[in-house]
Amino acid sequence: MNLILCSENCKHQKDGYCCLREYGKITDVISSPCVYYDERDDENDKDKGAD
């Protein structure tokens with residue numbers, strides 16, 4: 001298991017770590033160096049945690 005530090009406003013980030021469980025779609029986001037970055041839409045994403 002790899003622990004990947006993350007401080008992005010991403011729905012896969014939780015408690016400072018990336019919690020992406022499986023490969024997601026590759027995004028073309030310039031604002032983040034992560035190819036799996038998926039910006040949190042609202043407070044509901046924070047409550048659910050990582051998908």
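As a basis for the values below, the full set of heavy atoms in this structure was taken, side chains included, without hydrogen atoms, waters or symmetry mates.
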A.B. asks: Enter the distance from L5:CG to C18:SG here, rounded to the nearest 0.5 Å.
C.D. replies: 10.5 Å
A.B. asks: Given side chains that start at C-beta, do those of K11 and D41 come closer than 4.5 Å, heavy atoms only?
C.D. replies: yes
A.B. asks: Would you say that Y17 contacts C6 through its side chain, given a criterion of any heavy-atom pair below 4.5 Å between the two side chains?
C.D. replies: no
A.B. asks: May I ask you to test the E39-S32 pair for a side-chain heavy-atom distance under 4.5 Å?
C.D. replies: no
A.B. asks: Between T27 and C34, what is the shortest heavy-atom contact and its length?
C.D. replies: OG1-O, 4.3 Å
A.B. asks: Of all residues at least two apart in sequence or in a different chain, which pass the side-chain contact (heavy atoms from CB on, under 4.5 Å) check with I26?
C.D. replies: V35, Y36
A.B. asks: What pair of heavy atoms forms the shortest contact from E8 to Q13, and how long is it?
C.D. replies: O-NE2, 3.4 Å
A.B. asks: Keeping the roles fixed (side chain from R40, backbone from H12), state whether a donor-acceptor pair exists under 3.5 Å.
C.D. replies: no
A.B. asks: When rounded to the nearest 0.5 angstrom, what distance separates SG in C19 from CG in L3?
C.D. replies: 9.0 Å
